[in-house]
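Worth knowing before you read on, the calculation uses all heavy atoms, side chains too, and leaves out hydrogens, waters and symmetry mates. Just so it is clear: chains get the letters A, B, ... in the order the sequence lines come, proteins before strands, and each one is counted from 1.
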Amino acid sequence: MVRDEIQQTLQKALAAAQQKGELPAVELPALEVLRPKQADHGDYSTNLALVAAAALRKAGVASNPRSIAQCIADHLPAGGPIGAVEIAGPGFINLHLSVSWLQQQVERVVAAGPAFGNLHRGGGARWQVEYLSANPTGPLHYGGARNGALGDALANVLTAAGYQVQREFYVNDAGNQFNLFAATLYARYAQLLGREEPIPEQGYAGEYMFDYAQKLIDQHGDRFLQLAKDEAIAQLKPISEALVVASLQAELARLGIHYDCWFREQSLYDEGLVDQLLDRLRSQGDIALRDGALWFLATHYPKVDKDEVVVRSNGMPTYFASDIAYHYHKFVVRGFDHVVNVWGVDHQGHVPRMAAVMAALGLDPARLTIVLHGLVKLIRNGQEVKLSKRRGTLVTIGEVIDEVGADAVRFNLLTRSPDSPVEFDLDLAAAANNENPVFFVQYSHARICSILAKAEESQLPPPDLSWLVHPSELALIRKVLELEEQVEVAVDKLSPHNLTHYAVDLAKIFNSFYRDCKVLDPEQPHLSAARLQLCQAAQIALAKTLRLLGISAPASM
RNA sequence: GCGCCUGUAGCUCAGUGGACAAGAGCAUCGGUCUUCGGAACCGAGUGUCGGGGGUUCGAAUCCCUCCAGGCGUACCA
């Protein structure tokens with residue numbers, strides 16, 4: 001990656017200057033390579049001299065940042081990525097990339113192809129990303145789209161960065177909600193078959209329950225009506241779970257989301273893992289009986305101010321009991337090096353307690369990262385749409401895709417940083433359909449593909465990249481190369497939202513290049529060949545960015 | 001009450017210590033074009049970076065405080 005190379009080069013120049021005694025050998029903080037906002041400040045810059053001057057001053061040595069900068073600049077080698085060097089302002093060292101070096105990079109990008117943008121940071125470490133987990137009690141409401149888009153893009157980015165990533169959906173099929181779901185389903189099933197059967201109190205009133213019930217009838221006829229109600233519901237549970245999971249899979253596939261593993265909460269009970277771990281924690285003094293309930297004493301661990309019930313006084317375990325077993329399963333049974341859980345901020349209260357669970361299990365809490373994201377407020381007709389699965393007033397992911405389109409939904413949600421709350425106005429999104437940045441980006445991609453396709457008709461000489469000297473050509477090369485840094489940022493922050501902004505930038509810079517530089521010019525075959533290869537590089541970078549975001553990169557539209 | 005998050009252009013949002021103009025998209029206004037796909041390009045205007053105080057050579061960015069909104073603070077998930 002370019003920035004790493006620059007960083008190392010600067011480090012060496014500094015060391016060389018210190019070794020020769022031209023600069024005092026003082027300890028310095030980590031060297032920062034910056035991206036100046038202004039183009040005439042170079043491609044990269046560093047405040048190294050300013051930092052060094054401050055350190056010297058502290059050590060009692062008089063110093064001048066500008067002369068330190070000059071000294072470091074004098075030790076920069078020629079021939080690498082660095083071209084012109086300037087000392088500017090109070091002592092910034094501004095670095096311009098060398099033109100010939102930039103030209104060569106185009107070939108590197110094309111040679112890498114779809115692998116361009118991949119990094120070797122992960123070293124194959126086994127990571128799991130768990131996202132969108134929910135009760136299997138119906139279609140996913142729109143808020144889930146943000147969780148899904150974020151988790152999925154995160155998994156893509158981590159994979160590109162060299163981690164071995166497993167995508168997981170945790171199916172909460174063990175709790176009260178799922179029992180209620182099965183009981184409701186039974187009632188709807190009976191009703192469709194003509195038997196009077198009220199849905200349970202607090203049951204799932206949504207219309208979609210009739211759809212599930214109809215599917216049951218299609219597959220199993222009326223045979224559950226022959227059974228006693230309790231027995232029927234018990235038998236219905238696994239069948240209806242499979243039904244719901246299948247429809248979740250279909251709904252999520254429309255958003256481009258696929259999982260490696262659908263992990264059933266109930267399996268943790270079936271295997272006895274929950275009991276086993278509660279026993280273990282009890283014997284090590286982290287669980288105690290209080291007021292008839294069993295409590296996990298989270299306050300034994302740092303930053304936690306509340307204990308948490310694991311088994312209610314009525315004998316029913318809470319979700320938290322299975323959460324303990326679940327994370328044990330992730331780290332110990334399956335041996336993931338690191339786990340990322342993507343949660344809505346409404347679960348923020350559990351973050352410190354999960355750290356306590358990790359510690360109690362003898363695991364390093366740093367191996368579990370919880371990415372929180374703001375909730376989505378859906379606006380329709382200027383009014384907030386309240387979401388409730390139980391009352392049946394939900395707007396599903398599928399419905400929003402119908403209105404706005406999967407690519408636009410993902411792009412829109414991935415433009416925001418996870419921290420920020422989102423107000424999504426359906427009318428606005430639908431009305432502004434053609435003005436959506438996602439189409440701008442996709443259009444640019446289609447345009448490049450069209451040029452590449454057209455070029456196949458013409459005979460061109462082998463590309464000589466030294467023809468690429470136009471400012472718009474060089475700007476495009478720079479932007480293409482930036483993808484690697486953008487992937488790194490996304491991994492560091494565990495948020496891919498910078499990539500949507502990068503995609504818009506890249507598309508814009510390509511469009512300017514397209515205006516300024518005619519690619520296929522019969523009069524200039526050598527220039528055409530070089531520009532064509534640059535187009536290939538741009539297509540590779542743009543398609544890769546979109547792929548990481550989970551957005552389609554159409555060749556025509 | 002306490003904790004976490006958010007407050008940046010008319011709207012939707014980036015930027016979270018660096019440079020004499022604070023950025024993008026949309027919207028608005030003006031221009032380009034006999035086009036390798038005009039779903040394009042070029043240009044213009046718009047900001048008390050929620051208010052106030054502080055730290056720093058340098059603050060939208062760090063600290064304190066206040067205001068506004070969201071979420072959390074259950075033997076719910």
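Among B/C41, B/A24, B/U16, the nucleotide with an atom closest to any side-chain atom of A/Lys493 is B/U16. Minimum atom distance to the side chain of A/Ser556 is reached by B/G37, of the listed B/G37, B/C42, B/A14. The side chain of A/Arg447 lies closest to B/A40, out of B/A40, B/C36, B/A39. Candidate nucleotides B/G25, B/U6, B/A19 were compared by shortest atom distance to the side chain of A/Lys508, and B/G25 ranks first. When the nucleotides B/A40, B/C13, B/A24 are ranked by their closest atom to the side chain of A/Tyr443, B/A40 comes out on top.
Between the CG atom of A/Asn436 and the P atom of B/A40 there is a distance of 12 Å, rounded to whole Å. The interatomic distance linking A/Tyr514 (OH) with B/C42 (P) rounds to 14 Å, in whole Å. Separating the CG atom of A/Asp516 from the C1' atom of B/C42 is a distance of 10 Å, rounded to the nearest angstrom. Rounded to an integer number of Å, the gap from OH of A/Tyr502 to C1' of B/A14 is 17 Å. Summarising the geometry, the separation between CZ on A/Phe424 and P on B/U12 is reported as 13 Å, rounded to the nearest angstrom. Distance, A/Asn498 CG to B/U16 C1': 14 Å, rounded to whole Å. Whole-Å rounding puts the A/Asp492 CG to B/U16 C1' distance at 15 Å. The CG-P distance, from A/Asn412 to B/A14, rounds to 11 Å in whole Å.
Atom C1' of B/U46 sits at a distance of 12 Å from the matching atom of B/C29, rounded to the whole Å. The gap from the C1' atom of B/A77 to that of B/G17 amounts to 40 Å, rounded to the nearest Å. Only the C1' atoms considered, B/G53 is 15 Å distant from B/C67, to the nearest whole Å. If you take atom P in B/U8 and the same atom in B/C13, they sit 9 Å apart, rounded to whole Å. B/A14 and B/G31 have their P atoms separated by 35 Å, given to the nearest Å. A gap of 38 Å separates the P atoms of B/G15 and B/C36, to the nearest Å. Spacing of P atoms, B/U32 relative to B/G70, comes out at 50 Å, to the nearest Å. A distance of about 29 Å separates the C1' atoms of B/U73 and B/U61, rounded to the whole Å.
At a cut-off of 3.5 angstrom, the base of B/A19 holds at least one donor-acceptor pair with the side chain of A/Asn94.
Side-chain nitrogen and oxygen atoms of A/Arg416 include at least one within less than 4.0 Å of the OP1 or OP2 phosphate oxygen of B/C13. Taking 4.0 angstrom as the limit, A/His445 places none of its side-chain polar atoms (N or O) nearer than this to OP1 or OP2 of B/G37. Here A/Arg515 does not reach the OP1 or OP2 of B/U35: none of its side-chain N or O atoms lies under 4.0 Å away. For the pair A/Ser417 and B/C13, the criterion of a side-chain N or O lying under 4.0 Å from OP1 or OP2 is not met.
Aromatic ring centres of A/Tyr319 and A/His350: separated by under 6.0 Å. Ring centers of A/Phe181 and A/Phe178: under 6.0 Å apart, within the cut-off. A centroid separation of 6.0 Å or more is found between the aromatic rings of A/Phe263 and A/Phe169.
With a 6.0 Å cutoff to the six-membered ring centre and a 45° limit on the axis angle, A/Arg447 counts as a cation-pi contact of A/Tyr514.
There is no side-chain donor-acceptor pair under 3.5 Å between A/Glu168 and A/Tyr131. Inspection of the A/His373 and A/Asp419 side chains reveals no N or O donor paired with an N or O acceptor under 3.5 Å.
At the heavy-atom level, A/Ala446 lies under 4.0 Å from base atoms of the strands shown. At the heavy-atom level, A/Cys449 lies nowhere under 4.0 Å from the strands shown. Here A/Ser512 lies in heavy-atom contact (under 4.0 Å) with sugar-phosphate atoms only. Among the heavy atoms of the strands, none lies under 4.0 Å from A/Ala453. Looking at heavy-atom distances under 4.0 Å, A/Val310 makes no contact with the nucleic acid at all. Residue A/Met316 is classed as having no contact, given no heavy-atom separation below 4.0 Å to the nucleic acid. Note on A/Thr500: nothing from the nucleic acid sits closer than 4.0 angstrom, heavy atoms only. Heavy atoms of A/Asp419 sit under 4.0 angstrom from primed sugar atoms or phosphate atoms, though from no base atom.
Place A/Phe92 and A/Pro437 on RNA chain B by their nearest nucleotides, and A/Phe92 ends up nearer the 5' end. Looking at which nucleotide of RNA chain B each of A/Pro36 and A/Lys518 is closest to, the 5′-most match is held by A/Pro36.
A salt bridge does not link A/Arg35 with A/Asp43: none of the charged nitrogens is closer than 4.0 Å to a carboxylate oxygen. Using a 4.0 Å cut-off between a side-chain N of Lys or Arg and a carboxylate O of Asp or Glu, A/Glu130 and A/Lys330 qualify as a salt bridge.
Every residue meeting the ring pair (Phe, Tyr, Trp, His ring centres under 6.0 Å) condition with A/Phe296, not counting sequence neighbours, appears here in chain and number order: A/Phe320.
B/A21 adopts a syn glycosidic conformation, its chi angle falling within 90° of 0.
When each of A/Lys237, A/Gln266, A/Arg264 is tested with A/Asp173 by the rule side-chain hydrogen bond (donor to acceptor under 3.5 Å, both in side chains), just one qualifies, namely A/Arg264.
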The contact string for nucleotides 69-77 of chain B, one letter per nucleotide 5' to 3', using protein heavy atoms under 4.0 Å with B, S and - for base, sugar-phosphate only and none, comes out as --BSSSBSB

side-chain contact (heavy atoms from CB on, under 4.5 Å) for A/Leu277 and A/His329? Distances and angles first, verdict last. CA-CA 10 Å; A/Leu277 284 159; A/His329 199 275; over 6 Å; no

Apply ring pair (Phe, Tyr, Trp, His ring centres under 6.0 Å) to residues A/Phe440 and A/Tyr443 and explain how you reach the verdict. CA-CA 5 Å; A/Phe440 169 77; A/Tyr443 177 78; 8.1 Å; no

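The shortest distance between side-chain heavy atoms of A/Thr46 and A/Leu34 does not fall below 4.5 Å.
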What dot-bracket string describes RNA chain B from 5' to 3', counting Watson-Crick and G-U wobble pairs whose defining distances are under 3.5 Å, with [ ] for crossing pairs and | for pairs to another strand? (((((((..((((....[....)))).(((((.......))))).....(((((..]....))))))))))))....

